[in-house]
Amino acid sequence: MLVLDVDGVMTDGGLTIGDDGQEYKTFHAHDGLGMKLLKASGVNVAIITGRTSNVVKKRAESTGVVHFYQGAEDKLAALQDLMQRTALTPEQCAFMGDDVVDLPPMLRCGLAIAVPDSPDLLLKHAHYVTHKKGGRGAVREVCELIMQAQDTFDGQMAQFLTQASIAN
């Protein structure tokens with residue numbers, strides 16, 4: 001299972017709030033498709049975020065994320081609940097974060113992932129640091145990395161290559 005933070009991972013970390021109090025976030029389309037492809041390859045995707053936002057809930061729904069925790073001030077407790085509910089071990093989970101509040105769940109998982117503009121402490125403890133920044137394709141990069149490691153990437157890409165050859 002790939003577990004994602006939102007602000008700074010699925011988004012660039014910027015918080016845009018209108019005069020009416022409405023919060024706006026920008027997500028990268030490549031990340032959304034990557035999440036769907038990863039799920040189709042047999043790896044679940046979950047979200048654990050400290051903030052509460054309707055737009056994040058809509059993004060989770062649109063990408064097929066079933067396991068969704070928001071308002072999780074204790075992300076480690078949320079991760080432990082998630083692992084219990086899914087009967088997964090820490091070694092079967094990866095956590096992708098961008099700030100020190102993500103460090104406890106990252107250190108609990110078998111694969112700790114950070115985006116490149118994370119604080120030094122987080123980067124020091126990450127097993128993998130993405131080349132792309134949060135909200136700029138970092139999630140897609142990790143989805144593809146996992147699929148390649150599990151030898152499912154080519155199978156997921158084959159559908160697009162088949163469609164392309166039919167069109168020609």
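Because the structure is a prediction, the values reported are computed rather than measured.
Residues Gln22 and Ile17 are not in side-chain contact: their nearest non-hydrogen atoms beyond the backbone lie 4.5 Å or more apart.
Among all heavy-atom pairs drawn from Met1 and Leu88, the shortest one is CB-CD1, 3.6 Å. Residues Asp117 and Lys133 come closest through the heavy atom pair OD2-CD, 4.1 Å. Here the shortest heavy-atom pairing between Phe27 and Met10 reads CD2-O, 3.6 Å.
When the shell of 6.0 Å around CG of Asp19 is examined, it contains 12 or fewer heavy atoms from other residues, nucleotides or ligands.
Summarising the geometry, atom CZ belonging to Arg140 is positioned 13.0 Å from atom CG belonging to Leu145; distances are rounded to the nearest 0.5 Å. Considering CD1 of Ile146 and CD of Glu144, their distance stands at 11.0 Å, rounded to 0.5 Å. Atom CG of Asp31 and atom SG of Cys143 lie 7.5 Å apart (nearest 0.5 Å). Atoms CZ and OG, on Arg59 and Ser53 in that order, are 12.5 Å from each other to the nearest 0.5 Å. The NE2 atom of His67 sits 12.5 Å away from atom CG of Leu4, with the distance rounded to the nearest 0.5 Å. Note that CG of Asp74 is 12.0 Å distant from OH of Tyr69, once rounded to the nearest 0.5 Å.
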Donor-acceptor contacts under 3.5 Å from residues 119-130 side chains, at least two apart:
from, atom 1, to, atom 2, distance (Å)
His127, ND1, Ala112, N, 2.8
Tyr128, OH, Glu141, OE2, 2.5
Thr130, OG1, Lys132, O, 2.6

Please tabulate, one pair per line, all N/O donor-acceptor pairs under 3.5 Å involving side-chain atoms of residues 37-51, not counting sequence neighbours.
from, atom 1, to, atom 2, distance (Å)
Lys39, NZ, Gly64, O, 2.6
Ser41, OG, Leu38, O, 2.6
Thr49, OG1, Arg51, N, 3.4
Arg51, NE, Asp7, OD2, 3.4
Arg51, NH2, Glu23, OE1, 2.4

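The cluster map of Ile, Leu, Val, Met, Phe, Trp and Tyr, joined by side-chain heavy atoms under 4.5 Å apart, puts Met106 and Leu111 in different clusters. Hydrophobic clustering (ILVMFWY, side-chain heavy atoms < 4.5 Å, transitive): Val142 and Leu82 are in distinct clusters. One hydrophobic cluster holds both Val65 and Ile113 under the rule that ILVMFWY side chains link at heavy-atom gaps under 4.5 Å. At a threshold of 4.5 Å between side-chain heavy atoms, the hydrophobic network of Ile, Leu, Val, Met, Phe, Trp and Tyr places Leu79 and Val6 in two separate groups. Hydrophobic clustering (ILVMFWY, side-chain heavy atoms < 4.5 Å, transitive): Met83 and Phe68 are in distinct clusters.
A donor-acceptor pair under 3.5 Å is absent between the side-chain atoms of Gln156 and the main chain of Phe153, judged by distance alone. Here the side chain of Glu91 pairs no donor or acceptor atom with the backbone of Cys109 at under 3.5 angstrom. Listed for the Asp12 side chain is no donor-acceptor partner under 3.5 Å among the backbone atoms of Gly135. Side chain of Gln92 to main chain of Thr89: a donor-acceptor pair is present (N/O by atom type, distance under 3.5 Å, no hydrogens or angles).
With sequence neighbours excluded, the residues satisfying side chain to side chain contact (heavy atoms under 4.5 Å, CB included) with Asp98 are Asp5, Val9, Asp102, Val115, Ser118.
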Run the side chain to side chain contact (heavy atoms under 4.5 Å, CB included) check on Gln80 and Arg108 step by step: do they pass?
CA-CA 9 Å; Gln80 290 172 326; Arg108 182 74 175 113; 4.1 Å; yes
